[in-house]
Amino acid sequence: MPELPEVEVLVRHLRPQLRNKIIRAVQVKRPRVLRPTSPQRLQRALRGSKFIAVSRRGKYLLFQLQPPGKAAPRLLVGHLGMTGRMYLAPSQNPLPKHAAVVLSLGSDNFIFEDTRYFGRFTLDVRAIQKLGPEPLSEEFSAEDFAQALKRCEQSIKIKLLDQSLVAGIGNIYASEALFRAGIGPRTKARRLNFEQVQQLWGAIREVIAEAIRFGSTVPLSYAGTGWEDGLFYFGSVGDGRGFYQERLQVYDRANLPCVVCGNGIKRFVQAGRSTFYCPHCQRRKTAKTGLD
DNA sequence: CACCATGTTCCTTG
DNA sequence: CCAAGGAACATGGT
């Protein structure tokens with residue numbers, strides 16, 4: 001369930017629950033998600049350690065751990081992949097079918113479950129060192145963004161998925177940001193003029209900030225049996241009649257009317273992934289008035 | 001059976 | 001060496 005907003009909401013949810021908790025035991029059910037860390041090394045590093053901070057970088061969760069004694073703090077890095085979830089559940093509960101890693105914290109277990117096992121739970125920090133700026137931070141400026149896009153031959157939609165350009169945008173919010181900026185997803189990144197880059201820069205920040213705000217209002221129970229299981233990003237939240245449809249304006253809306261102009265939303269495939277857009281609102285050289 | 005899915009990484013091709 | 005495209009990873013939903 002993971003793009004930056006979903007991870008941010010999860011981090012805020014977990015932070016107070018994990019703070020000062022001590023890891024008593026480490027169960028690795030799917031060693032693949034640790035790669036390249038070995039189960040033995042993870043167990044040795046984590047057992048007895050205390051959670052002292054929980055944060056986020058891009059789509060990665062960062063758990064700062066204090067080992068027993070005077071050892072230096074350690075960083076545990078998590079990533080939800082496509083289907084990962086992390087939550088606390090009572091220790092007496094049965095483990096879910098796709099539990100990948102389980103940390104015993106006493107009366108609760110901290111569970112990382114992931115149906116497809118694309119996620120990560122590792123001591124390897126190399127991935128986070130390659131990330132671009134946080135989109136909501138001061139580090140992310142329209143000027144730098146424009147500079148970076150200048151030499152890119154790729155279409156802007158594909159470029160937005162490049163985590164070294166700006167961290168945390170995924171397939172959903174890439175389509176959403178381009179729609180809001182009125183820019184066609186096929187446009188070559190280098191062909192955007194500075195005004196368009198500014199529009200896109202603002203749209204990225206708005207779309208992400210709004211999603212975090214939305215997610216923060218959703219009641220969460222990551223223990224996960226009902227519909228309110230934290231998958232607020234799309235589809236799974238609400239009464240089954242499309243609570244989310246008012247939130248996402250183009251993603252997964254192929255053939256449905258554009259919320260702005262009423263024309264049909266189109267779907268096509270770029271780099272093997274679905275892109276959704278409105279051919280009318282996202283034409284070339286669209287000057288958005290903001291009044292529609 | 002077919003095709004689709006929120007992500008990243010590796011391999012091939014140019 | 002770099003860029004771009006595709007496959008792989010693994011499981012489930014429709």
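As the structure is a computational prediction, the values presented were derived from the model and not from experiment. Residue numbers begin at 1 in each chain, while the letters A, B, ... track the order of the sequences.
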task = For B:dC11 versus C:dA10, give the span between their P atoms, rounded off to a whole number of Å.
result = 15 Å
- With respect to the phosphate group of C:dA10, does any side-chain polar atom (N or O) of A:H98 fall under 4.0 Å of OP1 or OP2? no
Sorted by number, residues from residues 114-122 of chain A placing a heavy atom under 4.0 Å from DNA chain B are A:R116, A:F118
- Hey, does A:R273 reach any base, or is it just sugar-phosphate, or nothing, if we go heavy atoms under 4.0 Å? base
- Query: Given the C1' atoms of C:dC9 and B:dC1, what is the spacing between them in whole Å?
  - Reply: 22 Å
| query | Can a cation-pi geometry be assigned to A:R247 and A:F214, taking NZ or CZ under 6.0 Å from the six-membered ring centre and within 45° of the ring axis? | reply | yes
Is the ring centre of A:F268 less than 6.0 Å from the ring centre of A:Y277? yes
For A:F145 together with A:F194, are the ring centres under 6.0 Å from each other?
no
Look at atom CZ of A:R35 and say whether more than 12 heavy atoms of other residues, nucleotides or ligands are closer to it than 6.0 Å. yes
Would you say C:dT11 has OP1 or OP2 under 4.0 Å from some side-chain N or O of A:K97?
-> no
Per the 3.5 Å Watson-Crick/G-U criterion and a run length of at least three, the stems involving DNA chain C are B:2-5 with C:11-14, B:7-14 with C:2-9
In whole angstroms, the gap separating P of B:dT8 from CZ of A:R35 amounts to 12 Å
Note to self: For A:F110 and A:F51, take the angle between the two ring planes, folded into 0 to 90°, and tell me which bin it lands in: parallel under 30, tilted 30 to 60, perpendicular over 60.
What the structure shows: perpendicular
Between CD of A:Q270 and C1' of B:dA5 the distance, given in whole Å, is 17 Å
Subject >> Phosphate OP1/OP2 of B:dT8: any A:H79 side-chain N/O under 4.0 Å >> reply: yes
For this session: State, without any angle test, whether A:K157 and A:T275 hold a side-chain donor-acceptor pair at a distance under 3.5 Å.
Result: yes
Would you indicate what A:G272 reaches in the nucleic acid, counting non-hydrogen atoms under 4.0 angstrom: base, sugar-phosphate, or nothing? nothing
Self-check item: Spacing of the P atoms in B:dA2 and C:dA7 (rounded, Å)
Solution: 16 Å
ask   = Can you check whether A:S274 has a side-chain N or O nearer than 4.0 Å to OP1 or OP2 of B:dA5?
value = yes
| said: Looking at B:dT8, I'd like to know if its phosphate oxygens (OP1 or OP2) sit under 4.0 Å from a side-chain N or O belonging to A:K130. | reply: no
